[in-house]
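The basis for the numbers below is simple: all heavy atoms, side chains too, and nothing from hydrogens, waters or symmetry mates. Predicted model, so just to flag it, every value in this text is computed and none were measured.
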Amino acid sequence: MIWPFKPRSRKQIARIEVSGAIAGATRKRVLEALKTVEEREFPALLLRIDSPGGTVGDSQEIYSALKRLSEKIKIVASFGNISASGGVYIGMGANYIVANPGTITGSIGVILRGNNLERLLEKVGVSFKVIKSGPYKDILAFDRELTEPEAHILQSLIDTSYLQFVQTVADARKLAVDTVKSFADGRVFTGEQAQELGLVDRLGTEEDARRWAAELAGLDPEKTRCYNLEERKPFWSRVVPSTSQTRSGVRAGLDWMEFELSTSGLPLWLYRP
């Protein structure tokens, strides 16, 4: 696609925000935004991350796209209030990372949860008859306890995903794998501690990250502004914007519940406070 505003784009910094749990919708939006950044030839990208993480595959696809783009333009990631687990993973796709001193980050690891409702179902007199092609086809079924062989299979899956995470951090931050493993045990730490560990380059605000991105692109940080590549809102929310914080909070709660239900039984790079 030929864009008519390429000269202006070269004098601006693109800005993409990743907020909330990372799942399919986030991946689709961010990948489309990254394509726009490349097509319009922005010289730099400010990536704002305020996310507890999310699904493994979606985080990996965003990271891979950022890594490819970082070979063509400068990308500075800004960690906000929280950038943990999958939020850290996608941040590894940036050339440089800035975090607030009090940013909650880390939580490098993998979690998988299932629900066992066997006792409840027994009380209400409900049982399931299962016909399956193999012994593990209903692994993590909610109506029975996990067997020992199943636990070994799932632990192996988690271990593999964990090693992928550790290797990515080690490569991106130029750290030894054993060094990353020493703090990649699921713990969270502040942005200040993350800098000491080598996970972030500088401490500062999003504004500091914007100025740094401008300097890296050879632009004047005093004059350079961001072009926000935002999620397009539904028509009615643009015509009649919501003024109720309560409604917004309910919506956020419902979105989180939907995420929890849709990812039950999936390996997650997610910080659960």
Pair up each side-chain donor or acceptor in residues 62-76 with any protein partner under 3.5 Å, not counting sequence neighbours, and list the distances.
residue : atom : partner : partner atom : Å
Ser64   : OG   : Gln60   : O            : 3.0
Ser70   : OG   : Lys67   : O            : 2.7
Lys72   : NZ   : Glu38   : OE2          : 2.2

_Qualifying salt bridge (charged side-chain N to carboxylate O under 4.0 Å, His left out) pairs with a residue from residues 182-191, counting only residues at least two apart or across chains_ =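 Residue pairs passing salt bridge (charged side-chain N to carboxylate O under 4.0 Å, His left out), neighbours aside: Asp185-Arg187.
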For [X] and [Y], test the side chains for any donor-to-acceptor distance below 3.5 angstrom and give the result as yes or no.
| X | Y | answer |
| --- | --- | --- |
| Asp58 | Thr55 | yes |
| Ser161 | Gln164 | no |
| Asp208 | Thr205 | yes |

*asked:* I need the minimum non-hydrogen distance between Leu46 and Cys226, along with the two atoms involved.
replied: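 The answer is CD2-SG, 4.0 Å.
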*Taking all heavy atoms of Trp269 and all of Ser59, pick out the closest pair and write down the distance.*
CE3-CB, 3.9 Å
*asked:* Please enumerate all residues that pass salt bridge (Lys or Arg N to Asp or Glu O under 4.0 Å) together with Arg225, with sequence neighbours excluded.
replied: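 Partners of Arg225 by the salt bridge (Lys or Arg N to Asp or Glu O under 4.0 Å) criterion come out as none, since no residue qualifies.
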_Same apolar cluster (I L V M F W Y, side chains within < 4.5 Å links), Tyr96/Ile49_ = no
*Any chain of hydrophobic side-chain contacts (each under 4.5 Å) joining Leu216 to Val37?*
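They do not share one cluster, since no chain of ILVMFWY contacts under 4.5 Å joins Leu216 to Val37.
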*Who pairs with Arg15 by side chain to side chain donor-acceptor pair (under 3.5 Å), at least two apart in sequence or on another chain?*
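Result, side chain to side chain donor-acceptor pair (under 3.5 Å) vs Arg15: Glu17, Glu206, Asn228.
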*Under the side chain to side chain donor-acceptor pair (under 3.5 Å) test, residues paired with Glu61 that sit two or more places apart*: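 Scan of Glu61 (side chain to side chain donor-acceptor pair (under 3.5 Å), adjacent residues dropped) gives none.
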*asked:* Under the rule for ring-ring contact (aromatic ring centres under 6.0 Å, His included), what residues qualify as partners of Phe142, not counting sequence neighbours?
replied: Phe128
*Hey, does Ser107 have a side-chain heavy atom less than 4.5 Å from the side chain of Phe189?*
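Sidechains of Ser107 and Phe189: no contact.
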*asked:* Taking side chain to side chain contact (heavy atoms under 4.5 Å, CB included) as the criterion, tell me which of Val56, Ile111, Leu154 meets it with Pro267.
replied: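 Only one option passes, and that is Val56.
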*Where do Val18 and Leu47 land on the side-chain contact (heavy atoms from CB on, under 4.5 Å) test, with the steps shown first?*
CA-CA 8 Å; Val18 178; Leu47 179 69; 4.1 Å; yes
